[in-house]
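Counting begins at 1 with the first residue of the sequence.
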Amino acid sequence: MTSKVKLLYLALTALLLVLFSISVFGETTPVADGAGYDGEFYRKVFENFSTDFLGEGYDSFRIQRIFPFCLMHLVYKVVGIPFSHTSMVNGMYILHLVNLALQLLLFFKLVLNRKWKASTVAILFSLFFFNYYTIKNCGYEPFQTDAFALTIALGAYYALDRGKTALSYAISLFGLVTWPTVTFVNLLLIIFKQKPDEAPSKFSSLLFRVAPFAYGAGVALLFAAFLLFNKTRALCELIMAKPSFPHTALAFVAIIAFLFYFFKKATPIPYSPKSFLKSFDWKTLALVAIPFIAIKLILGVCANNEFYYDGKLFLLQIIFRPIRTILVTPAGHLAYWGLLPVLALLTATSFTQNFAKRSAGHALALLALFLFSLDSEARHIITFIPLMLLPLGESLEELKIKPYAAALIVTLQLAASHFYIPINVEGFAEAMEKRAFLDYPAQRFFMSFGPWMSVKNVAITLVLGVIVYFALKKLLFPHKKTDDPQVTGF
């Protein structure tokens with residue numbers, strides 16, 4: 001690594017730390033005295049864990065989200081730090097800085113091992129760190145699990161990439177009390193280790209062709225069933241809006257068209273159902289099941305019946321949210337992750353190929369990523385972000401990106417993060433109390449969260465996204481032919 005490359009990485013890291021510090025020590029949410037809607041629960045875990053966990057317990061959903069706040073409670077109790085509001089907030093700020101340092105260490109260890117060009121690493125760095133959550137919302141609402149779930153996922157994936165399966169699984173088990181999909185995805189990678197066949201199977205090719213239509217048929221049938229059984233109120237809650245036939249129909253057609261475009265570009269996974277079964281490692285499953293079941297049993301015993309979490313409702317949310325507003329799902333991902341979805345779409349052929357070819361577990365994780373990506377609440381794919389780094393990096397490396405193009409992508413990613421837009425302005429607290437989420441000034445916060453984005457912000461985000469998409473397409477593929485194997489797949 002040359003001195004210029006080292007200086008580049010130091011400059012990116014320094015910029016991240018400055019922007020992150022501005023976020024952490026700048027604004028705070030006025031909701032729940034600085035905790036936020038969800039954060040109020042996590043702050044109570046921080047404050048009362050030792051009495052609540054073995055006492056009244058936590059409900060079956062939120063008991064899966066108590067880390068690292070339970071850890072902070074134990075640290076404060078041992079050290080003797082008072083559980084005042086100020087001390088807990090300061091403790092979370094420090095923990096976020098430590099967490100960011102861990103992410104930086106793991107990121108560079110994961111990508112620098114590939115010996116990629118500095119332009120590729122710089123782009124991946126910006127996609128991973130210069131997004132809305134990390135340099136804006138992470139400090140705005142410190143009592144959240146997202147950033148720590150991302151670190152657990154990154155640490156588990158790095159260990160697995162280095163061949164340390166046991167360590168990877170041990171790290172991922174923290175996901176059961178932080179963000180359970182981290183553990184489940186890691187299990188897929190560990191249990192399905194087999195490498196792919198030479199070419200996509202007929203089954204997977206057919207699957208990719210019919211996927212948009214299957215989704216459309218599923219939505220239409222479920223929508224009709226809700227109306228038939230007079231469950232309009234439940235339908236409105238799932239869509240997070242009152243359906244109007246013309247608008248909902250257009251949103252329905254638009255998302256199917258978008259899915260059709262994506263799956264036409266994507267490379268079908270190189271596996272058949274038979275090869276998945278063949279790759280299943282029963283012995284490994286027996287070993288990993290013991291700690292998994294033990295932790296789930298302990299959490300089940302300590303859970304109460306205050307709130308019952310039903311995974312089917314979450315699945316229905318994923319299915320219905322894309323028809324709330326026309327193309328709200330891609331808009332939500334653009335607003336939250338910036339250029340990550342743009343580059344994934346531009347390189348869809350090689351990206352999906354590079355992702356699935358690593359193992360059968362990666363192929364299953366890719367299918368899970370497709371499903372979770374339907375949700376306009378883009379933070380729900382946070383588990384998969386570390387898994388996207390290597391295949392996307394391989395795709396970018398193939399493009400031989402020039403330094404000026406990489407600089408442009410990094411700059412655009414910074415602009416998409418909204419770090420420069422203040423959230424907690426005059427009237428914001430009142431708007432939040434009134435739950436006027438679709439209007440300004442509340443949209444200063446919610447314009448990065450798909451389900452709560454106003455139609456105006458969805459439209460603005462999409463227009464900017466389309467402009468960036470075609471600009472980068474021209475920049476990255478100036479002379480690309482349609483018969484190039486890098487574009488068409490295998």
Considering non-hydrogen atoms only, spot the tightest contact between Pro391 and Asn354 and give its length. O-ND2, 3.4 Å
Check Lys265 against Leu346 and note the closest heavy-atom contact, atom names and distance. NZ-O, 3.9 Å
State, yes or no, whether a side-chain contact exists between Phe263 and Thr352 at a heavy-atom distance under 4.5 Å. no
Backbone N/O of Thr349 and side chain of Thr267: donor-acceptor pair under 3.5 Å: yes
Checking Phe130 against Phe419 for the ring pair (Phe, Tyr, Trp, His ring centres under 6.0 Å) test, could you report, in this order, the C-alpha distance in whole Å, the side-chain angles of both residues, the deciding distance, and whether it holds? CA-CA 9 Å; Phe130 294 157; Phe419 77 89; 8.6 Å; no
Where the side chain of Ser23 meets the backbone of Leu19, is there a donor-acceptor pair that is under 3.5 Å apart? no
Acceptor/donor pairs from residues 315-331 side chains to any protein atom, 3.5 angstrom cut, sequence neighbours excluded:
unit_1: Arg321; atom_1: NH1; unit_2: Asp375; atom_2: OD1; d: 3.0
unit_1: Arg321; atom_1: NH1; unit_2: Asp375; atom_2: OD2; d: 3.3
unit_1: Arg321; atom_1: NH1; unit_2: Glu377; atom_2: OE1; d: 2.7
unit_1: Arg321; atom_1: NH2; unit_2: Glu377; atom_2: OE1; d: 3.4
unit_1: Arg324; atom_1: NE; unit_2: Pro451; atom_2: O; d: 3.2
unit_1: Arg324; atom_1: NH1; unit_2: Met453; atom_2: O; d: 3.1
unit_1: Arg324; atom_1: NH2; unit_2: Met453; atom_2: O; d: 2.7
unit_1: Thr329; atom_1: OG1; unit_2: Leu374; atom_2: O; d: 2.7

Distance (rounded to the nearest 0.5 Å) between Asn137 CG and Ile423 CD1: 6.5 Å
Find the distance between CG (Leu339) and OG (Ser126) and round it off to the nearest 0.5 Å. 7.5 Å
Worked verdict on Arg114 versus Thr120 for side chain to side chain contact (heavy atoms under 4.5 Å, CB included): CA-CA 11 Å; Arg114 264 70 200 171; Thr120 300; over 6 Å; no
Would you sort out whether Ile256 and Val253 count as a side chain to side chain contact (heavy atoms under 4.5 Å, CB included), showing the intermediate values? CA-CA 5 Å; Ile256 293 175; Val253 172; 5.9 Å; no
Whether the side chain of His96 engages the backbone of Pro142 through a donor-acceptor N/O pair (distance < 3.5 Å, no angle test) should be reported. yes
Dump the intermediate steps for side chain to side chain contact (heavy atoms under 4.5 Å, CB included) on Thr347 and Leu399, then the final yes or no. CA-CA 9 Å; Thr347 62; Leu399 297 178; 4.1 Å; yes
Just by distance, do the side chain of Tyr271 and the backbone of Ala360 share a donor-acceptor pair under 3.5 Å? yes
Are the side chains of Thr284 and Lys193 in contact, using a 4.5 Å heavy-atom criterion? yes
Could you report the tightest heavy-atom contact between Cys236 and Lys242, atom names first, then the distance? SG-CA, 3.9 Å
Centroid-centroid distance, Phe437 to Phe445, less than 6.0 Å: no
Can you check whether Leu10 reaches Thr13 side chain to side chain, under 4.5 Å on heavy atoms? no
Just checking Phe184 against Phe292, ring centres under 6.0 Å apart? yes
May I ask you to test the Ile385-Phe128 pair for a side-chain heavy-atom distance under 4.5 Å? yes
Neighbour count above 12 (heavy atom, 6.0 Å) for Phe245 CZ: no
Without swapping roles, check the side chain of Gln413 against the backbone of Ile123 for a donor-acceptor pair under 3.5 Å. no
Are any side-chain N or O atoms of Tyr133 and backbone N or O atoms of Trp337, one a donor and one an acceptor, separated by less than 3.5 Å? no
Verify, without hydrogens or angle tests, whether Ser21 (side chain) and Leu17 (backbone) share a donor-acceptor contact under 3.5 angstrom. yes
Should Gln64 and Lys296 count as side-chain neighbours, where that means a heavy-atom distance under 4.5 Å? yes
Angle between ring planes, Tyr132 versus Phe449, binned at 30° and 60°: parallel, tilted or perpendicular? perpendicular
Is the closest side-chain heavy-atom distance between His333 and Ser373 below 4.5 Å? yes
Measure from the ring center of Phe107 to the ring center of Phe125 and say whether it is less than 6.0 Å. yes
Here the pair of heavy atoms bringing Gly39 nearest to Gln144 is N-NE2, 4.2 Å
Any donor-acceptor pair under 3.5 Å from Ser172 side chain to Tyr169 backbone: yes
So do Val342 and Leu412 actually touch side chain to side chain, heavy atoms under 4.5 Å? no
With sequence neighbours excluded, what pairs up with Asn131 under the side chain to side chain donor-acceptor pair (under 3.5 Å) test? Thr134
Could you check whether any side-chain heavy atom of Leu12 comes within less than 4.5 Å of a side-chain heavy atom of Phe129, counting everything from C-beta outward? no
Would you call Asp161 and Lys109 a salt bridge, using N to O less than 4.0 angstrom? no
Find the distance between NZ (Lys402) and CG (Leu475) and round it off to the nearest 0.5 Å. 11.0 Å
Is it true that Phe370 and Phe208 have ring centroids separated by less than 6.0 Å? yes
Asn99 (side chain) donor-acceptor with Ala147 (main chain) under 3.5 angstrom: yes
Any residue meeting side-chain contact (heavy atoms from CB on, under 4.5 Å) with Thr383, in chain and number order, not counting sequence neighbours: Trp179, Thr181, Val182, Val185
Gln443 side chain to Asn457 main-chain N or O, any donor-acceptor pair under 3.5 Å? no
Using the side chain to side chain contact (heavy atoms under 4.5 Å, CB included) rule, take Leu167 and Arg162 through it: C-alpha gap first, then chi angles, then the decisive distance, then the call. CA-CA 10 Å; Leu167 177 60; Arg162 298 304 297 269; over 6 Å; no
What's the shortest heavy-atom distance between Leu127 and Leu340, and which atoms? CD2-N, 3.6 Å
To the nearest 0.5 Å, atom OH of Tyr158 lies from atom CD1 of Ile171 at 10.0 Å
Supply the atom-to-atom distance Leu189 CG to Arg358 CZ, rounded to the nearest 0.5 angstrom. 10.0 Å
Using the six-membered ring wherever Trp is involved, compare the ring planes of Phe384 and Phe372 and label them parallel, tilted or perpendicular (cut-offs 30° and 60°). tilted
Ring-plane angle category for Tyr469 and Tyr261, please: parallel below 30°, perpendicular beyond 60°, tilted otherwise. perpendicular
Straight-line distance of Glu27 CD to Ile421 CD1, nearest 0.5 Å: 10.5 Å
Would you call the rings of Phe280 and Phe192 parallel, tilted or perpendicular if under 30° counts as parallel and over 60° as perpendicular? perpendicular
Which of these passes side-chain contact (heavy atoms from CB on, under 4.5 Å) with Gln103: Leu100, Leu105, Leu106? Leu100
For Leu343 and Leu392 the tightest heavy-atom approach is O-CD1, 4.2 Å
